[in-house]
Novice: 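The following block contains the structure, expressed as structure tokens.
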Amino acid sequence: MAKTIQAIRGMNDCSPTETPLWQWVETKVRNVLASYGYSEVRMPIVESTPLFARAIGEVTDVVSKEMYTFWDNDEQLTLRPEGTAGCVRAAIERGWIYNNEQRLWYMGPMFRHERPQKGRYRQFHQAGVEVFGIPNPEIDAELIILTARLWKALGIDQHVSLQLNSIGSLEARANYRSALVAFLEQHQSLMSDEEKERLVKNPLRILDTKNQALQEVLNDAPKLLDYLDEESREHFTQLCSLLDAMGIQYEVNPKLVRGLDYYNKTVFEWVTSALGAQGTVCGGGRYDGLVEQLGGHATQGVGFAMGLERLVLLVQEVNKDVPVAKAVDVYIVYSGEGATLNAFQIAETLRSELPDLRVMTHCSGGKFQKQFKRADKLEAEFALVIGESEVTEKTVVIKDLRSGMEQITVPQTALVAELQKRFS
Ligand code: ATP
Ligand code: MG
């Protein structure tokens with residue numbers, strides 16, 4: 001036998017038994033977004049590397065070590081590690097946001113060269129939302145309310161909680177940065193080499209360090225909220241009171257800064273404790289400077305992305321009421337002279353007349369007993385049986401595979417009505 005070839009580490013297949021759950025989750029996402037009037041967009045999976053470097057920031061984890069980058073002749077390309085950069089690129093290039101507000105969403109694979117573990121993969125999937133041209137905190141609130149509705153629809157709302165912060169304007173953050181660096185410089189003895197490097201390149205990232213000793217010290221560090229500019233403070237106050245009034249619970253987490261450079265004002269994460277270390281299922285925030293930074297007219301933006309693998313894992317973990325979808329309702333077994341053609345014709349008629357019914361014809365020969373076994377394994381509700389006498393008499397046998405009721409023979413012309421009765 002030839003040597004088998006394996007999938008790339010951290011890149012998953014989705015088996016026929018897993019896809020129904022994925023489709024169920026994706027449908028909930030689509031339906032909730034549709035109910036808020038958001039429009040789907042689709043962007044390429046590959047973009048030019050400088051797009052991500054400019055949008056996400058050179059010193060972020062994503063750009064500095066997680067990107068899949070390659071040369072295509074003399075152009076450097078990258079498999080998208082997230083969706084915002086490509087969406088903003090497209091929005092500028094295609095004129096989607098020219099004098100126009102937009103509420104957009106997308107869903108698809110993202111790629112990051114990380115150490116694979118539960119909830120963390122090298123190819124993973126995100127559903128993301130980007131809203132352009134609306135400065136008011138109302139829209140930040142709408143995005144959070146929308147995600148809260150989605151968690152209910154997925155049956156996971158009791159298992160996620162909202163962390164909220166404001167990181168203010170670029171200027172406020174620069175002021176805060178200096179204060180934080182001054183504070184942290186006194187505690188360098190507690191820092192790893194990587195943290196010392198961050199202290200120089202991206203000190204805010206130290207706030208979400210996993211280093212326990214440093215975490216303790218950080219409790220006394222200057223707080224970003226105390227450095228907010230007036231406008232950001234007012235924006236955040238309004239957002240919080242809207243969420244309060246709408247009954248959305250949240251925790252203000254002053255250490256929440258998020259990993260990507262482009263955020264300002266609002267940042268938020270929905271987290272769960274049910275998935276171990278990979279607890280963030282959804283993260284987002286405002287990025288008012290990004291469109292201009294990528295060469296467009298100054299246009300505010302706010303958005304979020306959720307990790308579908310983590311959502312699917314969480315649904316599996318906590319929601320036992322997800323309906324198990326099966327592939328086949330009616331299985332057609334047949335044998336004898338003229339039966340194949342008759343079975344095909346009946347199947348096509350059923351698919352035309354009852355488009356929601358899932359009909360499978362056996363196709364692989366053998367005794368009736370073997371064919372029934374197959375129908376049973378697929379958990380079909382009914383088998384339709386066509387033998388030589390049914391072909392001659394233009395009848396068909398309906399056998400209920402679930403209830404064990406007596407099978408009945410009906411004229412082929414009455415079959416659609418008979419099945420309609422049983423599936424209504
Ligand atoms: P983390 O802190 O877990 O690395 P992140 O801050 O890098 O997350 P974002 O860039 O904000 O993640 O992406 C939004 C969401 O996408 C995350 O909250 C998570 O649910 C999901 N996600 C990110 N990276 C991965 C990955 N490697 N595998 C699976 N899901 C991921
Ligand atoms: Mg990450």
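Note that the coordinates shown come from a computational prediction; the quantities given were computed from them, not determined experimentally. Ligands are counted one by one from 1 in listed order, and the atoms in each one are counted from 1 as well. Just so it is clear, the values below take in all heavy atoms, side chains as well, and ignore hydrogens, waters and symmetry mates.
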Novice: Is the shortest distance from a heavy atom of Arg310 to ligand 1 less than 4.0 Å?
Specialist: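 Flag set, Arg310 near ligand 1.
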Novice: Any ring pair (Phe, Tyr, Trp, His ring centres under 6.0 Å) involving residues 46-68? Give me the pairs, sequence neighbours left out, ordered by first then second residue.
Specialist: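 Those involving residues 46-68 are Tyr68-His113.
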Novice: What do you reckon, does Gln126 put a non-hydrogen atom under 4.0 Å from ligand 1?
Specialist: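 For ligand 1, residue contact (heavy atoms, under 4.0 Å) with Gln126 is present.
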Novice: Can you list the atoms of ligand 1 that are under 4.0 Å from a heavy atom of Thr280?
Specialist: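 By the 4.0 Å cutoff, the relevant atoms are 17 (C), 18 (O), 19 (C), 20 (O).
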Novice: Is any side-chain N of the basic residue among Lys65 and Glu194 closer than 4.0 Å to the acidic one's carboxylate O?
Specialist: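 Salt bridge between Lys65 and Glu194, a charged N being under 4.0 Å from a carboxylate O: yes.
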Novice: Is Val281 touching ligand 1 with its side chain, its backbone, both, or neither, if touching means heavy atoms under 4.0 Å apart?
Specialist: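 For Val281, only backbone atoms sit under 4.0 Å from ligand 1.
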Novice: Would you say ligand 1 has an N or O under 3.5 Å from any N or O of Gly307?
Specialist: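 For ligand 1, there is an N or O atom that lies under 3.5 Å from one belonging to Gly307.
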Novice: Tell me which part of Arg112 gets within contact of ligand 1: side chain, backbone, both or neither, using heavy atoms under 4.0 Å.
Specialist: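 Just the side chain.
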Novice: If we ignore hydrogens and angles and just use 3.5 Å, is the side chain of Glu309 paired with the main-chain N or O of His125 as donor and acceptor?
Specialist: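 Yes, because the side chain of Glu309 sits within donor-acceptor range (under 3.5 Å) of the backbone of His125.
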Novice: Among all residues two or more places apart in sequence or in another chain, which pass the side chain to side chain donor-acceptor pair (under 3.5 Å) test with Arg149?
Specialist: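 In terms of side chain to side chain donor-acceptor pair (under 3.5 Å), with neighbours along the sequence ignored, Arg149 is linked to Tyr36.
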Novice: Using non-hydrogen atoms of the residue, decide whether Glu114 is closer than 4.0 angstrom to ligand 1.
Specialist: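 Under 4.0 Å: yes for Glu114.
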Novice: Any non-hydrogen atom of Arg258 lying under 4.0 Å from ligand 1?
Specialist: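 True for this residue.
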Novice: If we check side-chain contact (heavy atoms from CB on, under 4.5 Å) with Lys201, which of these qualifies: Arg205, Arg198, Glu197?
Specialist: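 The residue from Arg205, Arg198, Glu197 that satisfies side-chain contact (heavy atoms from CB on, under 4.5 Å) with Lys201 turns out to be Glu197.
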Novice: Take a 6.0 Å sphere around CD of Gln369 and say whether it holds more than 12 heavy atoms from other residues, nucleotides or ligands.
Specialist: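 No, not enclosed.
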Novice: From atom 2 (O) of ligand 1, work out which of Gln278, Lys118, Met110, Arg120 has a heavy atom at the shortest distance.
Specialist: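 The residue whose heavy atom sits nearest atom 2 (O) of ligand 1 is Arg120.
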Novice: Among Arg402, Arg422, Lys326, whose side-chain hydrogen bond (donor to acceptor under 3.5 Å, both in side chains) with Glu381 holds?
Specialist: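 Among Arg402, Arg422, Lys326, the one that satisfies the side-chain hydrogen bond (donor to acceptor under 3.5 Å, both in side chains) with Glu381 is Lys326.
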Novice: Which ligand 1 atoms, with their elements, are less than 4.0 angstrom from a heavy-atom of Ala305?
Specialist: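 Near Ala305, the atoms of ligand 1 are 14 (C), 15 (C).
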